[in-house]
Participant: 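Dropping a structure here in structure tokens format, bear with me for questions.
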There are 2 protein chains.
Amino acid sequence: MTTVTLAQVAAKAGVSTATVSMVLRNRGRISQATRERVLLALDESGYVYNQTAANLRNRSSNQVGLLLHDITNPFYGEMTAGLSHEMERHEMLLFLANSEESEERQQKFVDSLMRNSACGMVLCAARGTPQAFFDGLKRRNIPAIMVVRPLDDPDFDFVGTDNFLGSQMATAHLLKLGHRNIAFIGGSLNSGTRAQRIGGFTSKLLEHGVAPKPEWIVASQASQSDGARVAEALFKHYPQITAAVCYQDIVALGVMQTLRKAGREPGRDFALVGFDDITEAALVQPALTTVSVAAKEIGRKAGELLFSRIQGNSEPPKRIILPPALVVRESCGFANHAFY
Amino acid sequence: MTTVTLAQVAAKAGVSTATVSMVLRNRGRISQATRERVLLALDESGYVYNQTAANLRNRSSNQVGLLLHDITNPFYGEMTAGLSHEMERHEMLLFLANSEESEERQQKFVDSLMRNSACGMVLCAARGTPQAFFDGLKRRNIPAIMVVRPLDDPDFDFVGTDNFLGSQMATAHLLKLGHRNIAFIGGSLNSGTRAQRIGGFTSKLLEHGVAPKPEWIVASQASQSDGARVAEALFKHYPQITAAVCYQDIVALGVMQTLRKAGREPGRDFALVGFDDITEAALVQPALTTVSVAAKEIGRKAGELLFSRIQGNSEPPKRIILPPALVVRESCGFANHAFY
DNA sequence: TTGTAAGCGTTATCAG
DNA sequence: CTGATAACGCTTACAA
């Protein structure tokens with residue numbers, strides 16, 4: 001496997017490397033005749049452009065990183081698809097890493113990106129990442145967009161959704177349907193996203209004169225089984241609960257199981273709203289009413305913003321908050337008198 | 001942002017670049033004294049290794065590509081996690097691309113990998129990829145591991161599961177339970193994976209003296225709703241069917257819906273086996289008996305094999321076929337007298 | 001044990 | 001419009 005170089009193509013075409021380079025990149029003025037000669041030589045030689053050499057020379061690159069904490073979560077799968085699509089449009093390559101919430105792996109990935117002179121990155125930082133990590137990133141001076149997990153450092157661009165508003169919409173929906181005994185199920189205790197969603201939940205309850213009960217706000221892991229487990233304990237103590245806002249769709253699916261096991265049919269005997277609008281939400285029976293946060297769109301927007309930063313856009317840091325939408329399906333009953 | 005180079009570190013430490021390079025890579029014999037001096041200079045200067053320059057010089061790289069057709073499919077999410085983890089162990093970076101079944105995007109990604117001198121790749125090729133694509137890949141002479149979708153080209157390494165055997169296990173299970181009128185539901189018509197699974201299905205039927213009925217083998221898209229739709233038509237024509245092997249778990253979930261709609265309870269009036277063992281399989285009611293294919297393990301194994309190829313392992317192409325396992329749950333009745 | 005210097009394959013500057 | 005040639009930052013014979 002001999003690699004064909006520009007010089008070899010140039011020799012073959014009887015021109016200089018400078019000329020070949022210019023033809024390749026459509027720069028400068030090249031006569032039609034030589035251009036064709038070069039193109040032919042290029043074609044015949046089976047030349048493959050060496051991006052590494054170009055990057056070294058240009059002190060630049062076309063590679064960006066994406067750091068997630070859990071790629072197996074369908075939400076992040078969607079987001080990755082959106083970002084990947086956007087990067088592809090710009091002929092950029094996407095490095096992927098999965099921190100699995102390990103701060104060490106996260107740091108290693110970022111270091112690796114620096115060594116490989118990536119030109120930017122999109123991060124959904126591991127839970128509990130210390131400020132030092134972000135400070136280090138700033139010192140590096142490389143475009144970095146934070147996504148999904150809210151961050152209070154105002155120096156970074158951020159793309160996410162309005163958790164507060166989404167949760168308010170879900171809660172308002174249940175209230176309009178007449179529910180008063182509403183629980184909030186799911187999320188981990190130290191999650192900022194969860195804090196925002198709980199904020200939306202309780203504020204909307206209060207707005208309607210309903211006092212939030214702390215005992216009815218329970219955490220769970222991001223899995224169907226843990227959602228089911230947690231809901232079981234909750235409903236045993238408080239059978240008067242008739243509705244719930246769930247932190248995530250997968251948790252809502254678990255809650256559905258628990259309800260059925262107790263002989264209560266979701267959508268008839270109990271109203272349930274989820275969060276995320278994952279694919280399964282539309283497919284399950286009854287179809288899950290949920291707050292859609294457009295994961296793909298977050299990926300796309302993050303990609304767009306990252307690209308503009310790479311291009312040199314130096315406006316002050318932005319916070320792009322995508323509006324959530326309430327997707328009314330069947331899990332709160334077949335009522336369709338919700339106007340918001 | 002001035003980039004610190006080896007030369008600058010060398011100057012600072014009062015040694016040559018060769019010395020710094022050797023210290024950095026723990027090569028050659030360096031006296032303890034100078035090593036320490038260099039380490040100090042390295043530290044004080046905030047030096048960042050330039051992998052690009054090293055790669056150019058070495059005509060190598062530490063970057064591999066992963067091409068999928070649908071990253072939003074949970075199965076591939078799992079697989080990606082397995083591969084990513086394995087690559088990380090070897091300090092390699094992973095490029096990700098999502099072909100969305102587009103042959104053009106797939107080709108673009110591979111070309112891009114070549115330009116960036118990736119040192120290997122893992123591919124789950126788009127459906128209907130022409131042989132020319134694979135031939136082109138061979139000419140490139142770069143380690144490439146195919147995964148999941150069976151390929152009849154014997155020149156490539158392959159990691160996947162034994163669809164034939166898995167399907168046989170599922171079918172045998174139903175036969176042992178006494179079923180004779182068994183359908184096969186799901187998969188797209190031009191899928192090689194499906195062909196293998198159908199092969200296992202029919203061969204096992206024949207082994208037990210049951211003639212496979214072509215009308216009872218129906219295709220569907222990879223969604224719960226289409227599984228439901230397809231099953232509905234099937235059961236209307238052939239109410240005598242009492243069991244089914246499904247191409248995928250999600251299809252099986254759709255079939256469950258259809259059964260219930262017709263007043264038949266899965267696990268009691270009808271026996272159902274799925275394929276994939278997705279998370280939902282364990283959680284649905286009745287829990288789905290299914291063939292497990294260990295997506296994460298496929299990713300891990302593919303990574304392992306790729307790494308060995310990159311290291312120069314030139315044994316003939318391998319086919320790593322991970323053994324499927326029948327996970328008996330409740331959707332075929334609560335019988336537990338299956339011994340295989 | 002350490003230094004010198006010639007590449008790796010591009011790009012860009014400057015002549016011609 | 002085209003050609004020489006000096007970088008880009010690192011590695012590695014080969015010298016010293």
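In what follows, chains are A, B, ... by sequence order, proteins preceding strands, each numbered from 1.
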Participant: Any side-chain N or O of A:Arg25 below 4.0 angstrom from OP1/OP2 of C:dT11?
Facilitator: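 For A:Arg25, the contact criterion (side-chain N or O under 4.0 Å from OP1 or OP2 of C:dT11) is met.
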Participant: It should be established whether A:Thr19 places a side-chain nitrogen or oxygen under 4.0 Å from OP1 or OP2 of nucleotide D:dG3.
Facilitator: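 For D:dG3, OP1/OP2 do have a side-chain N/O of A:Thr19 under 4.0 Å.
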Participant: Sub-3.5 Å donor-acceptor pair from the side chain of B:Ser31 to the main-chain atoms of B:Thr34, do we have one?
Facilitator: yes
Participant: Send over the distance from B:Leu24 CG to D:dT12 P, rounded to a whole Å.
Facilitator: 12 Å
Participant: Report, as yes or no, whether the 6.0 Å neighbourhood of atom CD on A:Glu104 holds more than 12 heavy atoms from other residues, nucleotides or ligands.
Facilitator: no
Participant: Which nucleotide sits closest to the side chain of B:Thr17: D:dC10, D:dT11, C:dT11?
Facilitator: D:dT11
Participant: Looking at A:Tyr49, is B:Arg115 sitting on its ring face, NZ or CZ under 6.0 Å from the six-membered ring centre and within 45 degrees of the normal?
Facilitator: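 No cation-pi geometry.
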Participant: Measure the distance from CG on A:Asn58 to P on D:dG9 and round it to the nearest whole Å.
Facilitator: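 Rounded to whole Å, this separation is 12 Å.
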Participant: Could you tell me how far apart A:Asn50 (CG) and D:dC8 (P) are, to the nearest whole angstrom?
Facilitator: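 One finds 18 Å between P of D:dC8 and CG of A:Asn50, rounded.
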Participant: Atom CD1 of B:Ile30 to atom C1' of D:dT11: distance rounded to whole Å?
Facilitator: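 Rounded to whole Å, this separation is 13 Å.
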Participant: Please report the distance, rounded to the nearest Å, between OH in B:Tyr49 and P in D:dC10.
Facilitator: 8 Å
Participant: Send over the distance from A:Arg37 CZ to D:dC1 P, rounded to a whole Å.
Facilitator: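 Result: 15 Å.
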Participant: Looking at B:Glu304 and B:Lys318, does any basic side-chain N land under 4.0 Å from a carboxylate oxygen?
Facilitator: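 Salt bridge between B:Glu304 and B:Lys318, a charged N being under 4.0 Å from a carboxylate O: no.
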Participant: Please work out whether the ring planes of B:Phe307 and B:His90 are parallel, tilted or perpendicular, with thresholds of 30° and 60°.
Facilitator: parallel
Participant: Using modelled atom types and a 3.5 Å cut-off, is there a donor and acceptor pairing between side-chain atoms of A:Arg319 and backbone atoms of A:Phe158?
Facilitator: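 Flag not set: sc A:Arg319 to bb A:Phe158 has no pair under 3.5 Å.
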Participant: Closer than 4.0 Å, any side-chain N/O of B:Thr5 to the OP1 or OP2 of D:dG9?
Facilitator: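 Result: no.
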Participant: Is the shortest side-chain N/O distance from B:Thr34 to OP1 or OP2 of C:dT2 below 4.0 Å?
Facilitator: yes
Participant: From the list C:dG9, D:dA13, D:dC10, which nucleotide is the closest neighbour of the side chain of B:Ala18?
Facilitator: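 Between C:dG9, D:dA13, D:dC10, the one nearest the side chain of B:Ala18 would be D:dA13.
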Participant: Rounded to whole angstrom units, what separation is found between the CZ atom of A:Arg27 and the P atom of C:dT13?
Facilitator: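 So the two atoms are 10 Å apart, to the nearest Å.
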Participant: Is any side-chain N or O of B:Thr52 closer than 4.0 Å to OP1 or OP2 of D:dG9?
Facilitator: no
Participant: Does B:Arg59 place a side-chain N or O at less than 4.0 Å from the phosphate oxygens OP1/OP2 of C:dG7?
Facilitator: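 Negative; the distance criterion is not met.
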Participant: Can you tell whether the side chains of A:Asp111 and A:Lys108 come within less than 4.0 Å, N to carboxylate O?
Facilitator: no
Participant: With a non-hydrogen cut-off below 4.0 angstrom, is B:Leu56 in contact with a base, only sugar-phosphate, or nothing?
Facilitator: base
Participant: What nucleotide among D:dT11, C:dT2, C:dG9 has an atom nearest to a side-chain atom of B:Leu6?
Facilitator: D:dT11
Participant: What is the ring orientation for A:Phe95 with B:Phe95, classed by angle as parallel under 30°, tilted 30 to 60°, or perpendicular over 60°?
Facilitator: parallel
Participant: Side chain of B:Ser21 only, heavy atoms from C-beta on: which candidate in C:dG9, D:dT11, C:dT1 is closest?
Facilitator: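 Nucleotide nearest to B:Ser21's side chain: D:dT11.
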Participant: Confirm from the modelled atom types if B:Arg57 and D:dT11 form a donor-acceptor pair under 3.5 Å, side chain to base only.
Facilitator: yes
Participant: Relative to the 5' end of DNA chain C, which residue comes earlier, A:Ala7 or B:Ser16, by the nucleotide with the nearest heavy atom?
Facilitator: B:Ser16
Participant: Roughly, in whole Å, what's the span from CG in B:Asn116 to P in C:dT10?
Facilitator: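 Result: 13 Å.
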Participant: Find the bend of the helix from C:dT1-D:dA16 to C:dG16-D:dC1 as the angle between its two terminal axes (five pairs each), to the nearest 10°.
Facilitator: 40°
